[in-house]
Amino acid sequence: MTDALLRIEDLTVTYGGRSLLGLRRSGVDAVKAATLTIGAGETLGLVGESGSGKSSIANALLGLVPASAGRMMFNNTDLAALRDGYPPEVRRQIQAVFQDPYSSLNPSMTVEQIVTEPLKIHTGLDPAARRDRAEDLLRLVGLAPTHLGRYPNEFSGGQRQRIAIAAALALQPKLIVLDEPVSALDVSTQNQIINLLYERRDATGMSYLLIAHDLALVHHISDRIAVMYLGHIVEEGPADRVYHAPAHPYTRALLDAVPLLDPARQRARRAARRSAPVSDLPRAATGGCPYRNRCPLAMPRCRAETPPVLPVAGGGTARCFLAESDIAAHPARPEGVTAP
Amino acid sequence: MLRLIGQRLLAMVPLLLIVSVLTFSFTALLPSDPVDLIIGDRGSEEQYQMIRERLGLNEPFVTRYVTWLGQAVQGDLGTSFFNSVRVTDAVMLRMPATLSLTFASVLISVVVGLGAGVAAALRPRSWIDRLATVGATIGQAVPNFWFGLILASVFAVSLRWFPATGYVRLAEDPAGWLRSITLPALALGLSTSAAIARQVRSAMVGVLQQDYIRAARAQGLPARRVIFRHALKNALVPVVTVLSFQITVLLGGALIVEQVFAINGIGSLAVAAVRQQDIPMIQGIVLVLVLVVMAVQLATDVLYGLINPKARPA
Amino acid sequence: MKLSHVRPSTLAVVIPSVAVLATLLICALFAEWLAPYDPLQQNLMDMLQGPSAEHWLGTDDLGRDVLSRMIHGSRIAVIAAAEATGLAVLIGVPVGLFIGYRGGWWDWVTMRLVEAIVSIPGIMVAIVIIAILGTGLHRAMFALGILYSTAFLRLARSVVLTEREEVYVRSARVIGASPSRILVRHIFLNIAPPLIVQVTLTVGAVLLAEAGLSFIGIGVQPPQASWGTMLNTAAAYMELNAFLAVPPGLAIVATVLSVNLLGDVLRDSIGRGIRLPEATPVHVPASAPARSRSSEPMTPRADDALLVDGLTVTVSPKGGQPVPVVTDMSFRIGRGETLGLVGESGSGKTVTGLALMGLIGAGGRIAGGRVLLDGTDLLSLPASGLEAARGSDIAMVFQDPTTSLNPAFTVGSQIAEVLRVKQGLSRRAARDRTVELIDRVGIPRPAERADAYPHELSGGMAQRIAIARALSCGPKLLIADEPTTALDVTVQQEILDLFRDLQDDFGMAMLFVTHDLAVAADICDRIAVMYCGEIVETASVDRLFSHPRHPYTSGLLSAMPHGASGTPPLPVIPGTVPPPGSWPPGCRFASRCAHADAACAAPVPLTTAEVPGQQVRCVHAAALTLEAAQ
């Protein structure tokens with residue numbers, strides 16, 4: 001892809017590898033050689049369970065944790081090489097919205113201070129112009145200019161997330177990292193925020209890295225989806241293909257684990273599912289495929305070799321030998337998954 | 001558990017080294033010349049040089065430190081500048097009284113603090129809670145030596161139930177020891193009892209709101225069992241931490257309370273040493289006190305590991 | 001903090017404390033004018049006198065007027081507190097901020113030094129410093145200042161370290177705020193409140209330490225009058241005039257107590273450290289009390305495992321009026337049946353579960369209704385009867401398995417304890433049964449796992465243990481409160497399978513509380529949808545998903561992530577859930593409902609819809625065409 005806004009190549013993030021008293025401890029790789037691309041105006045959904053490393057990618061991209069290996073090419077700048085923090089011209093182009101709207105807003109600042117903070121740092125706007133811009137931003141996210149003087153604790157979770165989005169939009173960034181932006185919200189509020197994010201992206205042409213644990217939700221607004229398992233990107237591809245025809249057994253397990261909204265079909269799917277005994281093997285397998293200990297389709301080969309990145313029919317890649325042997329052997333759609 | 005003890009012992013070595021460097025270099029800052037202190041104004045230049053040589057004062061600082069530390073490790077803390085008493089002997093002679101007083105007050109504070117704290121936490125905002133809270137607040141504001149004075153004037157001077165002064169060795173006369181230690185230990189234990197009571201109360205109130213307490217009650221376990229088995233064990237965790245921190249307060253307090261009851265412990269030794277600028281004595285006292293503190297902290301660490309499984313090394 | 005918001009009990013503490021400190025300050029400032037005598041003037045004719053008209057507090061060993069010495073002593077106290085505390089702040093705060101922010105070797109070395117100093121008894125540190133500097137007020141206070149600077153250093157450092165991890169500080173870094181801006185804007189603001197509290201604590205500690213040092217003769221030196229030196233004198237003449245010890249002692253106690261109390265009040269009122277405006281939600285609160293119109297009363301049936309009839313729960317916020325959180329709650333669960341209680345946060349679903357167990361926390365009250373478990377009204381039982389029923393007849397599994405198991409005991413002992421207490425099993429028998437149960441909930445190597453502590457298990461394993469414990473005595477009803485919400489979806493599926501499997505075996509009825517309609521669809525036979533403390537619709541699972549009759553149910557169904565179709569805009573329910581206390585008097589969903597009209601302003605009862613077993617709380621239910629699940 002030539003018009004890639006961001007190209008992450010072989011990114012590795014390691015925690016706990018700090019030297020203490022000269023004794024070097026071996027670290028834990030939260031992200032292992034991850035490769036991802038986000039095009040201009042595109043949304044990449046990054047999906048995984050807790051401990052999959054998806055938030056570590058976000059933190060590395062935002063410069064909050066150092067990358068221990070690999071490159072993050074953003075507009076021809078390698079972010080991974082910027083050890084001493086990002087220069088302002090990079091900073092203003094990458095913004096973020098975090099998961100918990102209760103702790104992501106400084107409780108001692110007013111909405112106006114929160115929303116204008118980026119403008120103060122990065123623009124020469126005078127206070128009146130900043131206030132005008134803040135009012136515009138609040139309207140854009142569905143709040144009223146009268147809310148400017150209030151404090152975060154006067155707002156509900158959904159409203160707080162709107163404030164966080166307003167602050168992220170203030171500098172008209174090229175990329176916003178959305179780290180589980182709706183998972184702390186109630187069902188009836190989640191879609192309001194999703195719609196807002198979608199509408200803003202359409203209007204401005206910026207890109208999103210959307211991190212979430214819910215494939216169904218991510219699928220709604222993503223162009224591409226990447227699935228992570230224990231630090232590895234196991235599958236990547238166009239959103240519809242990944243959602244409707246997952247190539248990796250883990251992606252499929254994720255989809256199957258979410259109960260269907262149709263009780264009759266859910267009963268049928270449940271009956272068809274073999275109830276596997278609880279595995280006593282560690283979640284993370286060492287050597288070979290990282291998923292093999294939990295994979296219902298694991299073969300002897302999965303223990304011996306690590307699956308390479310293989311192309312999948314319909315677009316994208318998967319790290320699974322099944323993708324190599326016989327794409328057709330997989331049903332085009334996992335049994336029971338709802339078609340939109 | 002042995003591994004935990006091993007780890008903690010290992011961690012104490014650098015701390016002890018730093019304390020020894022601090023102690024040694026600080027006392028080296030003492031303004032007066034020890035040789036002058038020893039020989040007075042009348043000494044000749046030769047005598048002066050001879051004593052300097054004997055004390056090793058002509059050696060470089062680092063050499064003096066290493067020599068001192070090497071001897072200290074073998075239990076030799078040097079000789080007093082004043083009465084050629086071995087510092088180790090002097091400290092060991094005084095230590096039992098100070099330690100008796102300190103540990104008696106630890107015992108009192110744990111019993112009183114735990115009782116008052118639990119009683120208060122079980123019935124928040126009841127009269128017993130208010131009484132315990134008010135008592136604890138006042139207890140922390142009362143100087144221990146003044147409380148000692150009051151106790152002495154009431155129970156020793158007026159009522160004559162206890163001796164007003166002096167210390168009886170435990171080995172000589174256990175009953176007399178108990179009588180001699182009761183009032184000072186009460187005086188010393190007051191503020192720590194208060195601190196523990198406050199800590200127990202807030203820890204218990206916090207623990208009683210935890211999910212696992214609610215879950216234990218949902219299992220229909222009797223309330224007493226939930227409180228004294230499930231809640232108390234968790235509430236004790238921060239109490240042990242307080243105790244490990246309070247031990248330095250108690251030891252320091254003991255130095256002062258001793259003076260009220262004319263107990264010949266470390267306190268009067270330290271004050272005399274300061275007045276006379278007796279460097280080896282001050283160094284020795286500090287080092288021994290820190291050793292006591294560390295031994296107690298090791299014990300509380302072990303206790304902590306016993307009641308808090310998360311603190312045990314995997 | 002406006003004065004009107006301060007509770008009277010707080011004022012009762014603040015006013016005397018401020019009065020004591022003000023008196024102290026006045027005495028310190030105007031000692032020369034206030035003291036009736038020269039504090040140093042001796043009168044050997046009038047030694048050791050008790051209180052009299054000439055000498056209100058008597059005289060000391062040299063015939064000096066005690067009251068005058070007290071007044072002059074207060075000046076020493078103020079100087080001592082100011083000097084030592086000021087020095088401690090000036091040294092401790094900058095160093096703490098610096099090492100906290102800088103980290104690395106600076107931090108490591110400084111903290112080891114601090115640890116070393118702290119491990120020496122404070123008085124001994126002061127004694128050594130005084131040995132170097134010499135005795136006297138200012139030198140002693142310099143010593144104490146250095147000693148207490150360690151407390152400020154650690155405070156400042158820990159504030160920096162915690163604030164650095166706050167999400168809003170991370171946000172500020174993403175925006176591109178410079179380190180100095182973050183220090184000032186986010187960290188310095190938050191250090192002020194705990195700093196003030198620490199100052200009060202230190203002032204108290206300094207006063208006590210100064211008195212102690214002066215008492216043993218190495219602080220303030222005679223003849224200068226300080227409360228500590230006066231106590232030194234008093235100790236020497238205790239047998240001749242015991243009263244001598246009273247005034248200085250009481251002065252110290254009163255001063256330290258006042259400072260400490262003010263510190264406590266400050267700490268309580270500033271909470272986490274920021275002065276916040278009163279939390280007033282943006283929603284307009286309704287003035288009318290929220291009360292459901294009572295629905296038809298329930299009549300018990302023979303096959304009911306549980307029947308709840310007209311349950312109402314209120315919660316009283318601290319010092320406030322009781323607010324209803326659950327109203328007109330009526331439902332039944334048949335033997336072996338699973339009822340899903342579905343709602344968003346604040347809908348009252350969890351409170352309902354806890355109310356059935358008799359476990360609503362402090363401030364909560366069951367204001368009415370019946371809870372019949374197998375025909376017995378749990379609400380009419382005495383506390384001991386309810387305690388006996390819990391665990392044996394009715395049990396509960398909680399949301400977060402890692403917090404609902406006691407961290408201090410092995411998981412096996414927590415199950416065995418229930419068996420021994422509730423069923424009187426012997427230690428041996430309880431242990432055997434425990435291992436069986438752990439095996440039954442699908443945990444490999446059960447005997448070994450029984451000896452594990454909760455933190456050594458994964459979330460899914462811990463939840464299996466919690467389920468084993470809840471089922472250990474074979475209850476008739478199991479209440480499961482969001483038991484899979486804290487788990488990953490693949491683990492959630494395993495736990496749901498386990499619940500179903502165990503129900504086949506144990507035959508218990510289940511009340512399954514969840515916010516997730518899809519989970520409810522998977523596990524439940526029937527579903528009750530809650531909104532703002534009341535049931536708005538109840539029906540069999542199939543009926544609810546195919547023919548929802550309440551606009552809220554329909555809205556929730558179409559808002560589910562995989563219920564909604566294709567690309568945004570996704571269907572939404574406009575607005576937000578009103579919190580308890582601001583529920584409208586009529587239909588509580590009306591403000592967010594597309595179908596609302598004037599008829600919705602009056603309270604709505606739960607009424608049976610066209611199909612038996614389906615009940616709806618909506619006046620328009622019969623007339624509406626609503627969207628079902630996809």
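In what follows, chains carry the letters A, B, and so on, assigned in the order in which the sequence lines appear, proteins first and then strands, with residues in each chain numbered from 1. These numbers come from a predicted model, not from an experiment.
Ranking Ala177(C), Gly555(C), Ser345(C), Ala521(C) against chain A, the residue ahead of the rest is Ser345(C), based on heavy-atom pairs under 4.5 Å. Of the listed residues Ala216(A), Pro263(A), Pro173(A), the one with more heavy-atom pairs under 4.5 angstrom with chain C than any other is Pro263(A). Interface remark: of the candidates Ile573(C), Asp522(C), Asp542(C), Leu556(C), Asp522(C) forms the most heavy-atom pairs closer than 4.5 Å to chain A. The candidate from Val174(C), Leu496(C), Asp501(C) with the greatest count of non-hydrogen atom pairs under 4.5 Å with chain A is Val174(C).
Of the possible polar contacts, one joining the His122(A) side chain to the Ile175(C) backbone as a donor-acceptor pair under 3.5 Å is found. For the pair Gln192(A) (side chain) and Gly575(C) (backbone), a donor-acceptor distance under 3.5 Å is present. In this structure a side-chain-to-backbone donor-acceptor pair under 3.5 Å is missing from Asn191(A) to Val572(C).
Neither the backbone nor the side chain of Pro88(A) has a heavy atom closer than 4.5 Å to any heavy atom of chain C. Within the 4.5 angstrom heavy-atom criterion, atoms from both the backbone and the side chain of Leu217(A) approach chain C. With a 4.5 angstrom heavy-atom cutoff, Arg267(A) touches chain C only via side-chain atoms. For Glu344(C), the parts lying near chain A are the backbone and the side chain together; criterion is any non-hydrogen pair under 4.5 Å. For chain C, the nearby part of Asn59(A) is the side chain; its heavy atoms alone come within less than 4.5 Å. Looking at Asp186(A), the atoms closer than 4.5 Å to chain C (heavy atoms on both sides) sit in the backbone and in the side chain alike.
Atom CZ of Arg91(A) and atom CZ of Arg173(C) lie 7.5 Å apart (nearest 0.5 Å).
For Gln95(A), there are no side-chain hydrogen bond (donor to acceptor under 3.5 Å, both in side chains) partners at least two apart in sequence or on another chain. In terms of the side-chain hydrogen bond (donor to acceptor under 3.5 Å, both in side chains) criterion, Thr146(A) has no residue partners (sequence neighbours excluded).
No side-chain donor-acceptor contact under 3.5 Å links Ser104(A) and Arg170(C).
A side-chain contact (heavy atoms from CB on, under 4.5 Å) with Thr490(C) holds for exactly one of Leu254(A), Val258(A), Asp256(A); it is Leu254(A).
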